[in-house]
Structure formats: C-alpha cells, structure tokens
Participant: 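Just passing along the structure, written as structure tokens.
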Amino acid sequence: MISVAIDGPAGAGKSSLARAAAKELGFIYVDTGALYRTLGLKLIRTNTSVEDILLVEQLLKTTKVEIRFVQDEQHVFLDGEDVTSLIRTPEVSMTASKVSAIPAVRAYLLEMQRSLAKSNNVLMDGRDIGTVVLPNATVKIFLTASVEERAKRRYKELVEKGSNVTFDEVYADIEKRDYADSHREIAPLKPADDSKIVDTTGLSIEESLNLLLKTVNEGIEEK
Ligand code: DC
C-alpha cells in the first residue's frame with residue numbers, strides 16, 4: 001500500500017489541495033482534522049470543559065467517532081449522526097485544537113487512522129501523520145504558507161460562506177492555533193525529519209497543486 005502523509009499548519013490550503021491530489025492519484029483522502037473536530041463538537045454539545053481532562057476521558061468511553069466514505073467522500077459520524085457539515089465553525093476549530101492536546105484523545109483516534117492506511121492507498125492530512133500516525137509513510141509532505149497568506153485565504157473562504165468575521169480576527173485565530181498546535185507536549189506540529197517542505201506562499205491553487213503532485217510523485221518514484 002502507498003501512503004502519503006501531509007502535515008502542516010491551519011489554513012495552508014491543505015484540505016482542498018490534499019483532496020484534489022488524492023483524486024488525481026486515485027487514493028483515498030483522509031482528513032484527520034475532522035476527527036478532532038467531531039470530538040470538539042461532542043464537547044460543545046455536552047457542555048464538557050476541555051480543562052476537565054478526567055471528564056473528557058470519561059466522555060470518550062461513551063462516544064463513537066467514525067469515518068465512512070460516501071461516494072469516495074469522507075463523512076464523519078458522531079454517535080451515529082453524520083456531522084460532516086457541522087464541524088467547520090470557528091467555535092469547533094478552537095475546541096478541536098484544545099481537545100487535540102489531550103493524550104487520551106490522540107490515543108483514541110490513532111488506531112482508526114492507522115487501519116485506514118493498512119487496507120487502502122491513502123493520502124492522509126493532519127498535524128502528526130508523518131511523525132506519529134504513519135512514521136513509515138511512503139512520502140511525507142509538510143505543506144505550509146506564511147501566516148498572512150493563510151489568513152487571507154481563510155478569511156475569503158469564511159466571507160464566501162456568509163460569515164461576518166474580520167480579517168484581524170481570522171489572522172489572530174490562525175496565529176493562536178499555530179502556537180497551540182506546535183507547542184503542545186504531545187505530537188506537536190513539526191515537519192518529520194524526512195519530510196519534503198512544500199511552501200505555497202504566493203502560488204495560485206493550480207500552481208500549488210502542481211507543486212504538491214510533483215513532489216509526491218517524485219517521492220513515490222524514489223521509493
Ligand atoms: O486540520 P483542521 O484545522 O481541521 O484540524 C482541527 C484541529 O485538530 C487542529 O487545531 C489541530 C488538530 N489536529 C491534530 O492535532 N492532529 C491532526 N492529525 C489533525 C488535526
């Protein structure tokens with residue numbers, strides 16, 4: 001099986017580029033952030049504080065998070081309910097970032113991610129795929145762009161969806177999440193030693209996708 005690990009900070013265009021690249025390669029696309037978001041939604045719905053680690057651990061025992069593929073598209077299910085369209089709000093983003101720092105949460109989601117890569121050619125995107133989840137991935141990519149660039153893209157995306165956030169709020173949110181994701185004790189966001197850096201600052205979506213595909217294909221050929 002071939003596995004492509006794509007890690008990188010929030011808003012680097014990872015999910016749209018990774019999805020398009022997976023399609024091009026004929027691989028399954030797994031967006032692991034959606035799993036943390038699904039748990040974030042559970043905490044919000046049950047009014048559980050992320051600060052209360054014991055309570056979160058307790059909650060995991062009665063929570064079911066699943067990934068299912070519907071016409072090749074990943075859907076996430078929370079206790080049997082398809083919540084795919086409910087996990088993209090800023091509130092869920094922030095809760096997901098916090099919940100992802102809890103070791104029991106990462107352990108809870110680890111096997112699910114690994115087993116998907118055992119039985120499929122996958123392109124998996126996240127923060128710790130090359131470092132923790134798939135340390136033997138065929139190719140490891142660290143996809144990034146400047147904070148300014150990522151904030152601009154995320155802002156545009158949110159405004160198009162009808163949100164009335166300001167650019168400054170989006171910028172501050174990205175900086176805050178970057179900091180939290182790369183400074184947590186467990187599985188912090190950082191490039192794996194053997195990952196290839198793909199920086200999309202200043203590139204269009206098409207140029208970014210071409211660069212990503214070129215880098216992935218070169219990596220597969222090297223193996
Ligand atoms: O990629 P995303 O923005 O949907 O991810 C949501 C949060 O989940 C993000 O703040 C960090 C966390 N995450 C993680 O810790 N590990 C992953 N493999 C994917 C996401």
Side-chain angles (χ1 to χ4, degrees), residues 3-22 28-44 50 53 56 60 65 67 73-76 78 83-117 122-135 137 140-145 147 150-151 153-155 157-158 161 163 165 170-192 195 200:
S3 50
V4 179
I6 301 196
D7 294 302
K14 250 188 320 154
S15 52
S16 48
L17 289 174
R19 179 178 286 109
I28 283 188
Y29 167 57
V30 182
D31 164 16
T32 62
L35 298 171
Y36 294 91
R37 287 172 178 272
T38 301
L39 279 177
L41 181 65
K42 174 83 179 208
L43 262 72
I44 294 167
V50 271
I53 312 267
V56 174
L60 290 177
V65 173
I67 283 187
E73 278 293 313
Q74 169 184 310
H75 285 238
V76 278
L78 174 60
V83 294
T84 313
S85 62
L86 307 177
I87 56 169
R88 300 287 156 196
T89 66
E91 189 193 11
V92 173
S93 298
M94 208 35 93
T95 314
S97 178
K98 289 183 188 154
V99 84
S100 71
I102 300 174
V105 165
R106 306 201 72 85
Y108 172 87
L109 296 174
L110 188 60
E111 257 333 290
M112 186 191 313
Q113 298 170 76
R114 285 190 175 155
S115 67
L116 284 166
V122 290
L123 189 150
M124 197 173 280
D125 117 31
R127 301 293 190 288
D128 62 336
I129 309 304
T131 49
V132 178
V133 179
L134 304 176
K140 299 179 186 177
I141 305 281
F142 195 81
L143 190 72
T144 190
V147 176
R150 289 186 282 130
R153 292 180 191 163
R154 182 57 54 105
Y155 174 68
E157 192 182 305
L158 287 170
K161 278 189 194 156
S163 163
V165 285
V170 175
Y171 189 99
D173 187 66
I174 285 191
E175 268 197 322
K176 208 159 125 192
R177 278 216 288 153
D178 273 5
Y179 188 86
D181 292 347
S182 50
H183 286 80
R184 67 181 176 217
E185 266 179 45
I186 180 165
L189 170 67
K190 61 164 198 259
S195 70
T200 66

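Side-chain atoms are counted along with the backbone in the values below, which use heavy atoms only and exclude waters and symmetry mates. Both counts, for ligands and for their atoms, begin at 1 and track the order of listing.
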Participant: Specify the protein heavy atom at minimum distance from atom 7 (C) of ligand 1: its residue, its atom name, and the distance to 0.1 Å.
Facilitator: Ala96 CB, 3.9 Å
Participant: Which of the atoms of ligand 1 are close to Ser97, meaning less than 4.0 Å from one of its heavy atoms?
Facilitator: 10 (O)
Participant: Do Gln74 and Val76 come close enough that some side-chain heavy atom pair is under 4.5 Å?
Facilitator: yes
Participant: Report yes if some N/O of Asp128 lies less than 3.5 Å from some N/O of ligand 1; otherwise report no.
Facilitator: yes
Participant: May I ask you to test the Thr200-Leu143 pair for a side-chain heavy-atom distance under 4.5 Å?
Facilitator: yes
Participant: To check your reading of the model: name the closest protein heavy atom to atom 19 (C) of ligand 1, its residue, and the distance in Å.
Facilitator: Thr32 OG1, 3.4 Å
Participant: Counting both backbone and side chain atoms, is some N or O of Asp31 under 3.5 Å from an N or O of ligand 1?
Facilitator: no
Participant: Return the closest protein heavy atom for atom 4 (O) of ligand 1 as residue, atom name and distance.
Facilitator: Arg37 NE, 2.6 Å
Participant: Can you find a heavy atom in the side chain of Val122 that is under 4.5 Å from one in the side chain of Val4?
Facilitator: no
Participant: Do Ile67 and Leu35 make a side-chain contact, defined as non-hydrogen atoms from C-beta onward lying under 4.5 Å apart?
Facilitator: yes
Participant: Out of all atoms in ligand 1, which are within 4.0 Å of some heavy atom of Asp181? Include the element for each.
Facilitator: 9 (C), 10 (O), 11 (C)
Participant: Hey, is Arg184 one of the residues with a heavy atom under 4.0 angstrom from ligand 1?
Facilitator: yes
Participant: Only heavy atoms of Gly126, strictly under 4.0 Å: list the atoms of ligand 1 that pass.
Facilitator: 17 (C), 18 (N), 19 (C)
Participant: Among protein heavy atoms, which sits nearest to atom 16 (N) of ligand 1, and what does the distance come to when rounded to 0.1 Å?
Facilitator: Arg106 NH2, 3.0 Å
Participant: With distance as the sole criterion, is a donor-acceptor pair present between the side chains of Arg150 and Tyr171 under 3.5 Å?
Facilitator: no
Participant: So that I can tick it off, tell me whether Arg88 and Asp31 are bridged by a salt bridge, with the cut-off set at under 4.0 angstrom between side-chain N and carboxylate O.
Facilitator: yes
Participant: For Gln113, is at least one N or O under 3.5 Å away from an N or O on ligand 1?
Facilitator: no
Participant: Considering only protein heavy atoms, which is closest to atom 9 (C) of ligand 1, and at what distance to one decimal place?
Facilitator: Arg127 NH2, 3.4 Å
Participant: Any non-hydrogen side-chain atom of Ile6 less than 4.5 Å from a side-chain atom of Phe142?
Facilitator: no
Participant: Within the 4.0 Å heavy-atom shell around Arg177, which atoms of ligand 1 are there?
Facilitator: 3 (O), 6 (C), 9 (C), 10 (O)
Participant: Can Ser182 and Arg127 be counted as having a side-chain donor-acceptor contact under 3.5 angstrom?
Facilitator: no
Participant: Any side-chain donor-acceptor pair under 3.5 Å between Asp181 and Ser97?
Facilitator: yes
Participant: Check whether any side-chain heavy atom of Leu43 sits under 4.5 Å from a side-chain heavy atom of Lys98, and report yes or no.
Facilitator: no
Participant: Checking contacts here: is it the side chain or the backbone of Val133 that comes within 4.0 Å of ligand 1, counting heavy atoms only? Could be both or neither.
Facilitator: neither
Participant: What's the shortest distance from atom 8 (O) of ligand 1 to any protein heavy atom, and which residue and atom give it?
Facilitator: Tyr36 CB, 3.5 Å
Participant: Taking the minimum heavy-atom distance to atom 12 (C) of ligand 1, which of Ser100, Ser93, Gly40 ranks first?
Facilitator: Ser100
